[in-house]
Amino acid sequence: MARPSGGSGDVVAPKGARSEPALEEAYERLLDEGHERLDRPLLPLLSTGLLGGVDVGIGVLIYLVVEAKTGNPLLASMAFPIGFAALLLASSELFTENFLVPVTAVVAKVGTLTQLIRLWVVTLVANLVAGLAMAAMTVVALPEVRAVAVEAGSHYAHLGISWRSFFLAVLAGAVITLLTRMQHATDNLGVRLVAAVLMSFVLVGAQLFHSVLDSILMFAGLLTGDADYGYLDWLQALGWATFGNLIGGLVLVTGIRLLRVPHRVAESRAENDDD
């Protein structure tokens, strides 16, 4: 008996439909990896988050060096993707990379909301701790970048709570979650690397408001001792950026992407209700 495939007269594809094989395969990859991330023991989860902060910290380091030497922020943004290439090749993680994959697993009932919150909190804290350490080493080892660090950190610290800063954060969350989806559409490492370079350039070149990346820049400015903002300003910026990143990642990308495969989500939920 042939599988139902759905048609133009249907609102959603029926259960069992497999009309878009590429989407089906990507969905399966998301579920498998989402379950693995949610079920990860604490020590590996913590170390993965710390490494993510280190990798992005390397991107911040080269960004500051290039801008200090050239005075050109756009050129510096072209250097920054080194950090995201490291994230991919070293299999480390950013907090904002944990929207599409684990949320899909929770929606499909192969993971729990408690596991998701644990993943988010541990990864974010680990990213920030490692990012702080990288920022401290950068401004001590490379005094020539201090002025640039203060300027960059000040920009994000003074964005404040406004529609502009909110939408900058929403766009950042959408960009990183779209990057995650692009990388899970293929097993080809070269293609995934291209996606990492392109989307991280968009993130930095457009000066979008990203909770972890911009925190590291603010840390670097603060640690020079010359910043015109303080740790309370950073904390406010972190909270607002995180909120916007969540909206962008969960609503603009994850939620809409799941509407592409509602029949598969329904199948997964039914299967896990039976277990």
Side-chain angles (χ1 to χ4, degrees), residues 49-68 71 73-74 76-77 79-84 87 93-97 120-121 123-162 164-173 175-176 200-246 248-249:
L50 289 171
L51 290 170
V54 170
D55 293 343
V56 174
I58 291 172
V60 169
L61 184 156
I62 193 61
Y63 172 89
L64 294 174
V65 168
V66 173
E67 185 171 351
L74 195 58
S77 299
F80 172 79
I82 290 172
F84 270 63
L87 276 173
E93 288 171 14
L94 279 184
F95 160 68
T96 47
E97 291 183 296
W120 282 350
V121 171
T123 304
L124 179 58
V125 171
N127 286 168
L128 293 173
V129 169
L132 177 62
M134 291 296 293
M137 289 187 284
T138 297
V139 298
V140 171
L142 301 167
E144 66 272 20
V145 308
R146 292 178 185 176
V148 174
V150 169
E151 182 180 357
S154 181
H155 168 76
Y156 293 106
H158 293 310
L159 281 175
I161 296 177
S162 66
R164 176 178 179 243
S165 58
F166 174 68
F167 288 135
L168 285 170
V170 169
L171 289 169
V175 164
I176 296 303
S200 59
F201 172 70
V202 172
L203 179 70
V204 181
Q207 292 188 308
L208 302 182
F209 200 15
H210 186 272
S211 52
V212 176
L213 165 61
D214 300 338
S215 286
I216 298 175
L217 287 167
M218 285 184 272
F219 288 151
L222 284 165
L223 292 166
T224 66
D226 298 324
D228 61 350
Y229 58 93
Y231 283 95
L232 286 179
D233 298 307
W234 159 71
L235 194 59
Q236 175 184 278
L238 172 65
W240 191 235
T242 300
F243 175 63
N245 292 167
L246 283 165

Nearest-0.5 Å distance, [atom1] of residue [X] to [atom2] of residue [Y]:
{"X": "Arg146", "Y": "Leu223", "atom1": "CZ", "atom2": "CG", "answer": "10.0 Å"}
{"X": "Asp214", "Y": "Gln207", "atom1": "CG", "atom2": "CD", "answer": "9.0 Å"}
{"X": "Ser154", "Y": "Leu217", "atom1": "OG", "atom2": "CG", "answer": "11.5 Å"}

Determine whether [X] and [Y] make a side-chain contact, defined as any pair of heavy atoms from C-beta on separated by less than 4.5 Å.
{"X": "Ser211", "Y": "Phe243", "answer": "no"}
{"X": "Leu203", "Y": "His210", "answer": "yes"}
{"X": "Arg164", "Y": "Leu159", "answer": "yes"}
{"X": "Leu128", "Y": "Leu132", "answer": "no"}

Between Val148 and Val65, does a side-chain contact (heavy atoms from CB on, under 4.5 Å) hold up when you go through it step by step? CA-CA 9 Å; Val148 174; Val65 168; over 6 Å; no
Looking only at heavy atoms, what is the nearest atom pair of [X] and [Y], with distance?
{"X": "Phe201", "Y": "Ser77", "result": "CD1-O, 3.6 Å"}
{"X": "Met218", "Y": "Gly153", "result": "CG-O, 3.4 Å"}
{"X": "Ala227", "Y": "Gly221", "result": "CB-O, 3.5 Å"}
{"X": "Gly52", "Y": "Leu94", "result": "O-CD2, 4.1 Å"}
{"X": "Leu87", "Y": "Glu93", "result": "CD2-N, 4.0 Å"}
{"X": "Phe84", "Y": "Ser200", "result": "CG-CB, 3.5 Å"}

Looking at Phe219, Tyr229, Trp240, which one forms a ring-ring contact (aromatic ring centres under 6.0 Å, His included) with Trp234? Phe219
Checking the side chain of [X] only, and the main-chain atoms of [Y] only, is there a donor and an acceptor separated by less than 3.5 Å?
{"X": "Asn245", "Y": "Phe209", "result": "yes"}
{"X": "Asn127", "Y": "Phe95", "result": "yes"}
{"X": "Ser165", "Y": "Gly160", "result": "yes"}

Test side chain to side chain contact (heavy atoms under 4.5 Å, CB included) applied to Leu213 and Thr96, Ile176, Leu208, Val56, the passing residue: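 Result for side chain to side chain contact (heavy atoms under 4.5 Å, CB included) with Leu213: Val56.
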Stepwise side-chain contact (heavy atoms from CB on, under 4.5 Å) check, Ile58 with Met134: CA-CA 7 Å; Ile58 291 172; Met134 291 296 293; 3.7 Å; yes
Given Leu238 and Thr242, is the side-chain contact (heavy atoms from CB on, under 4.5 Å) satisfied, shown in steps? CA-CA 6 Å; Leu238 172 65; Thr242 300; 3.7 Å; yes
